[in-house]
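Working notes, structure below.
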Amino acid sequence: MFMVSRLLTFSERRAIIGLASLYASRMLGLFMVLPVLALYAQDLSGATPLLVGLALGGYGLTQAFLQIPFGLLSDRIGRKRVIAGGLILFCLGSVVAALADSIAGVILGRCLQGSGAVAAAIMALLADQTREQVRTAAMATIGLSIGLAFAVAMVLGPLVSAHFGLAGVFWFTAVLALLGLLVLWKLVPPAPRRMRHKDVGIDRDQLKATLGRGDLLRLDFSIFALHLLLMAIFVVVPAKLLTVGVAADHHGWVYLGIMGLAFCAMVPLVIIAEKRRKMKAMMSLAVGMLAVSLLGMGWFETRWWELATLLLVFFTGFNLLEATLPSMISKLAPAGSKGTAMGVYSTSQFLGAFLGGVLGGALVQAWGQDAVFYAGALLGLVWFIIMLGMPRPRYLSSEVIALDEQAHGETLDNLMARFADVAGVEDVMVVPEERLAYLKVDRQRLDSDALARVTQFENR
């Protein structure tokens, strides 16, 4: 990462810092309500467990349905315009929720927050602002910022609500949205020419083929189930902490310890998954950890430290999957299809968040809190069985090679064959209008010298 940072231009560094902070602040605002809404919803008129769950997951529904249209709109009218519009919608939703005195008002606010679906536009702007050789590292920075935002939100949400109530959390998120507009205006450089990038955003021509890939669908189901479980447990975990004697104003400190330890526990497992090529085993282990921890939370009348331990197991598995699932998408997606595969993956994630909140609330309302844990454990068991049927993944990496602007005609027609002849190149897509070649390579077998010779020959 240090070597990559030395390769960045000043404009690229500004763009990465600005867009990562913008993305993180937005996700922070969405996540801060998770550990507190179920506790404070009792003061809202009309609140029921089902409606509380809908308020938790409501953002996921509008996010899922609007992120692709907003991404396509950004191709036409400009990235920064769409992002600014999304931040204004997010701010408006936060204000509506902050002023609400009923659960219906909070639901409306959360749906408005989700309607500011600018994730695809942000990633497209990042691709516009960075060169191919640093783009993967730039996107990894965005991913790291999301993980950090989630951990901070779990701590900050309870702390803010303890002093200012649920409305204070939403006012805080409104301020974050306004700060995001300032970052977009001041820090993010002016947008260059807009292009569609095969490695970012959905290509409608590739959508059908992507949806027909069983290996990718298994990963889509995984992120769907992961965020379904996350939303479902936050319908009941805050109340469970109260039951075992943890006061509401101390929940933030409990989450702080859990998140810190879960991150430390996750790191060596990710190293084993990536460096020792044990991805399937580690992902199956993570799913098993989710199922066992959920069963424990439902089965046992836990003391606070027992509940904290089970939550630590849950979030270790959760963090491990959050880190490895996108990596798997990158490995399995065909050359030039990563953007489309990630678009379907993200939509699955948001739909899971929506259904998790609704189903969690419905289960509490019908059968009580423990029903959420038992149902989650059952889903984890089904998920574990599905993962056992997953073929051992091939460890392929993506390469994007810029082509000379003078390359045309027969040169472009022959590119795929020339690249495919290089040892270790497993898949190739040449996109003349982008002047890019997308490759999937096995780095252990890749003949880098031969690949360099092909690239130099085509670009001379």
Would you indicate whether the side-chain heavy atoms of M283 and L219 approach each other to under 4.5 Å? yes

Strictly under 6.0 Å, is that where the ring centroids of F354 and F224 end up? no

Is there a donor-acceptor pair closer than 3.5 Å between any side-chain N or O of R110 and the backbone N or O of A55? yes

Please report the shortest heavy-atom distance between L312 and I258, naming the atom on each side. CD1-O, 3.7 Å

Heavy-atom neighbours of W171 CH2 exceed 12 at 6.0 Å: yes

L290 backbone acceptor or donor facing S293 side chain under 3.5 Å: yes

Please give me the minimum heavy-atom distance between L379 and A225, naming the atom from each residue. CD2-CB, 4.2 Å

Would you please indicate yes or no on a ring centroid separation below 6.0 angstrom for F318 and H227? yes

About how many Å separate NZ of K331 and CG of D215, when rounded to the nearest 0.5 Å? 13.5 Å

Ignoring hydrogens, what is the shortest heavy-atom contact between L125 and K80? Give both atom names and the distance. CD2-CG, 4.0 Å

Taken to the nearest 0.5 Å, the spacing of L396 CG from S330 OG works out to 9.5 Å

Does atom NZ of K280 have more than 12 heavy-atom neighbours, drawn from other residues, nucleotides or ligands, at distances under 6.0 Å? yes

Taking every non-hydrogen atom, the tightest pair across T316 and A262: OG1-CA, 3.6 Å

Calculate, to the nearest 0.5 Å, the distance between atoms CD1 and CD1 belonging to I88 and I83 respectively. 12.0 Å

Do the rings of F234 and F315 sit parallel, tilted or perpendicular, given the 30° and 60° boundaries? tilted

Just to verify, which of D370, I233, L311 counts as forming a side chain to side chain contact (heavy atoms under 4.5 Å, CB included) with K240? D370

With rounding to the nearest 0.5 angstrom, report the CG to CD1 distance, L72 to I68. 7.5 Å

State, to 0.1 Å, how close M231 and G357 come at their nearest heavy-atom pair, and which atoms those are. CB-N, 3.5 Å

Can you tell me if F65 has over 12 outside heavy atoms packed within less than 6.0 Å of its CZ? no

Main-chain N/O of I386 paired with R218 side-chain donor or acceptor, under 3.5 Å: yes

Which atom pair, heavy atoms only, marks the closest approach of P158 to M154? CD-O, 3.1 Å

Among L216, L217, D220, which one satisfies side chain to side chain contact (heavy atoms under 4.5 Å, CB included) with V344? D220

Give a yes-or-no answer on whether the side chains of Q113 and S94 include a donor-acceptor pair shorter than 3.5 Å. yes

For atom CZ of F221, decide whether the heavy atoms of other residues, nucleotides or ligands shown that lie under 6.0 angstrom number more than 12. yes

Spacing of CG belonging to L381 relative to CG belonging to L294, to within rounding of 0.5 Å: 12.0 Å

I'd like to know if the side chain of S45 pairs up with that of S102 as donor and acceptor (distance under 3.5 Å, no hydrogens or angles considered). no

Please tabulate, one pair per line, all N/O donor-acceptor pairs under 3.5 Å involving side-chain atoms of residues 16-40, not counting sequence neighbours.
unit_1	atom_1	unit_2	atom_2	d
S21	OG	I17	O	2.9
S21	OG	G18	O	2.8
S25	OG	S21	O	3.2
S25	OG	L22	O	2.9
R26	NE	G116	O	3.1
R26	NH2	Q63	OE1	2.8
R26	NH2	G116	O	2.9
Y40	OH	S161	O	3.4

